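Here's the structure, in structure tokens; my notes come after.
All chains are named by letter (A, B, ...) in the order of the sequence lines, taking the proteins before the strands, and each is independently numbered beginning at 1. As the structure is a prediction and not an experimental result, all values here were calculated from the model.
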Protein chains: 2
Amino acid sequence: MEHAPWSQKGHPFAAYWNLGCAEANAAFAHLIKQLLRETRGRCVLQLAGDPSAYVFLPVEGWLMTAKVDPDGARQIVDFALPGDVLDPASASMAYAAADVVTLGRGRLAMIPREGWQRYLVAHPSAAGLFARQSAARYARMAERMLRLGKSSGETRIAYAICELFLRANPFGLVTHTPFHLPVTQQVLGEFVGLSSVHVNRTIRAMARAGVLTYRGQLDVVIHDLPTLAAMAQIDPTELQATIIPSPG
Amino acid sequence: MEHAPWSQKGHPFAAYWNLGCAEANAAFAHLIKQLLRETRGRCVLQLAGDPSAYVFLPVEGWLMTAKVDPDGARQIVDFALPGDVLDPASASMAYAAADVVTLGRGRLAMIPREGWQRYLVAHPSAAGLFARQSAARYARMAERMLRLGKSSGETRIAYAICELFLRANPFGLVTHTPFHLPVTQQVLGEFVGLSSVHVNRTIRAMARAGVLTYRGQLDVVIHDLPTLAAMAQIDPTELQATIIPSPG
DNA sequence: CGGCAGTTTGATGCCCGTCAATAGTGGTGG
DNA sequence: CCACCACTATTGACGGGCATCAAACTGCCG
């Protein structure tokens, strides 16, 4: 994650989106070339209920999809990391089901939906990758709904850390490796359905218990993976197979 | 919902799955003809983590996808109604992300995934309908995650009733029309993340307030739709456009 | 008619939200 | 370079919503 894969020769974005087919890769590069865009801070790219004209591809930095209730409380529905394709369409396809917001600075491509669909039809290997990503998103959301509905705050937070660690780190859940989440405790709370106060108390208790260490704006190091996995009620290997799509 | 659309002439299932193209309809009929199956009671068709070989099409009665945590608590992830296509695959596509369970007696088709995918490739209109259904499922899950994370038990239950009413009733959210949910209070609790005791107290309070009436095994009649919609924090028309895919 | 699954109601306790106040952090401009 | 400010993190006190346990009641099916 240190430098943009963008700078690589040949097919930009190749680290994340490799179809094993030179022509499909070239078509993909052509598709996003003109559509790159820089972002800084937290900025809203799409509002729920507005016309949904674009598919979003983060290249650097994360996006999130969120919904806001009438009281102003926000629930984060999912994150999109580099290599993911985010289509916020609702059942009607013409309007968005959720807000799309950037997290900090980064780079992304916004592709008109028609262009994206033409690309998928023309390149079955891309359609296959997209299908695996959709299945992965479904599996993630199912896993999180289980925690949201039935589990304690501790379990929800431990699970969220495991999920995001797995998604952001190609080596999976490893100990003693620092890793950065571009996420405040407030945002983590909006992800797991807890107040930022309770997130703080819980994560702090985990740190005191020696399970992990962290610094503000969430640079996390896992120390005791078995305990963390037990808190999250997961098997690391199994979870990885369930929620991480195979590339290419 | 009284009699199976199955009994109709021509293309069985036509009431739910009409592609506006005779050939695609015929191919669909051929696809599921041999694969029909009766169900009774609550029976498990697929376990999370097992190989995921089939796509499920309920024809009569409902299915649910659910996940169970180590303590035995169950969270229902989504329901599948007649006309929906349920693919429980996880990121790896080879294994299921969740259990698939029937609710009471009914009829369904189980289609091997390869056959289903060949059908989608051969009939773009079917692929389009499937895409709209996937978007609808995403919108539903997002909407429910918002309630699960941020809302009171009353809001969650009111929302669940509105969602299921909308999905099961082609005329949308209408008052003074009895409608049947094949769901116990226990199951409703597993859907909205509440204990069956609390579901009972809440729904009973709604009945005392004159918002709705119901009888055991949930035959519901809505009396005061504005109040119910306010409890659920929805706009009925908007919600329908968001979570109900257009047929055909 | 007995049994079983579902519904209803009460009593008790705790997890977690809310309010409030303090301390830390980074970014910006003078 | 430092002062300032907005944002974030931390900690305490208090109350309420919901889980849990337990016990009757209902209706249905064999």
Side-chain angles (χ1 to χ4, degrees), chain A residues 40-43 69 71-75 101 103-105 146-161 180-209 212-220 231, chain B residues 40-43 69 71-75 101 103-105 146-161 180-209 212-220 231:
Chain A
R40 60 187 59 242
R42 205 164 293 165
C43 84
D69 80 3
D71 312 328
R74 183 166 64 178
Q75 173 69 43
V101 183
L103 282 161
R105 65 191 57 203
L146 172 61
R147 308 297 188 295
L148 226 38
K150 300 293 175 192
S151 297
S152 69
E154 184 185 76
T155 297
R156 294 188 218 174
I157 291 174
Y159 174 79
I161 291 172
H180 178 72
L181 302 169
V183 156
T184 65
Q185 294 180 6
Q186 169 75 32
V187 169
L188 190 55
E190 290 170 350
F191 187 49
V192 299
L194 295 171
S195 69
S196 65
V197 173
H198 204 72
V199 169
N200 182 283
R201 280 194 236 274
T202 307
I203 203 172
R204 184 140 275 262
M206 288 164 65
R208 264 197 301 273
L212 52 76
T213 48
Y214 72 98
R215 295 175 327 172
Q217 287 284 342
L218 291 199
D219 287 293
V220 178
M231 282 176 172
Chain B
R40 59 189 60 242
R42 204 163 294 167
C43 84
D69 80 3
D71 313 328
R74 182 167 64 177
Q75 174 70 42
V101 183
L103 281 161
R105 65 192 57 202
L146 172 61
R147 308 300 189 292
L148 271 181
K150 298 295 176 191
S151 298
S152 68
E154 184 184 76
T155 297
R156 294 189 219 173
I157 291 174
Y159 174 80
I161 291 172
H180 179 71
L181 302 169
V183 157
T184 66
Q185 294 180 7
Q186 169 74 32
V187 169
L188 189 55
E190 289 170 351
F191 186 49
V192 297
L194 295 171
S195 68
S196 65
V197 172
H198 204 73
V199 168
N200 182 279
R201 280 193 236 275
T202 306
I203 202 172
R204 182 141 275 261
M206 289 163 63
R208 265 196 300 273
L212 51 76
T213 46
Y214 72 98
R215 294 176 326 173
Q217 284 285 340
L218 289 203
D219 287 294
V220 179
M231 283 176 171

Determine whether a donor-acceptor pair (N or O, by modelled atom type, separation under 3.5 Å) exists between the side chain of T155(B) and the backbone of M231(B). yes
Its contact letters, B for base, S for sugar-phosphate only and - for none at protein heavy atoms under 4.0 Å, make nucleotides 11-20 of chain D read BBB----BSB
Indicate yes or no for a side-chain donor-acceptor contact from R42(B) to the backbone of L103(B) under 3.5 Å, with no hydrogens or angles considered. no
Check whether R215(A) reaches the backbone of V220(A) with its side chain - one donor and one acceptor, N or O, closer than 3.5 Å. no
Is it true that a side-chain atom of Q75(A) and a backbone atom of E190(A) form a donor plus acceptor pair closer than 3.5 Å? yes
Look only at the side chain of D71(B) and the backbone of A73(B), and say whether a donor-acceptor pair between them is shorter than 3.5 Å. no
Run the side-chain donor-acceptor check on residues 197-206 of chain A: report pairs under 3.5 Å with partners two or more places apart or on a different chain.
| from | atom 1 | to | atom 2 | distance (Å) |
| --- | --- | --- | --- | --- |
| N200(A) | ND2 | Q185(A) | OE1 | 2.9 |
| T202(A) | OG1 | H198(A) | O | 2.8 |

Applying side chain to side chain contact (heavy atoms under 4.5 Å, CB included), run through T184(B) and Q217(B) and close with a yes or a no. CA-CA 5 Å; T184(B) 66; Q217(B) 284 285 340; 3.1 Å; yes
Without decimals, in angstroms, what is the distance between Q217(A) CD and dT10(D) C1'? 15 Å
Give a yes/no answer on whether the side chain of Y214(A) brings an N or O atom under 4.0 Å of OP1 or OP2 in dT10(D). yes
Grab the CD-P distance between Q186(A) and dT10(D) for me, whole Å please. 14 Å
Contact interval (first through last nucleotide) of DNA chain C with protein chain A, 4.0 Å heavy-atom: dC16(C) to dC19(C)
Just how far, in rounded Å, is C1' of dT8(D) from CD1 of I203(A)? 13 Å
With side chains defined as the heavy atoms from C-beta onward, is the minimum distance between K150(B) and L148(A) less than 4.5 Å? no
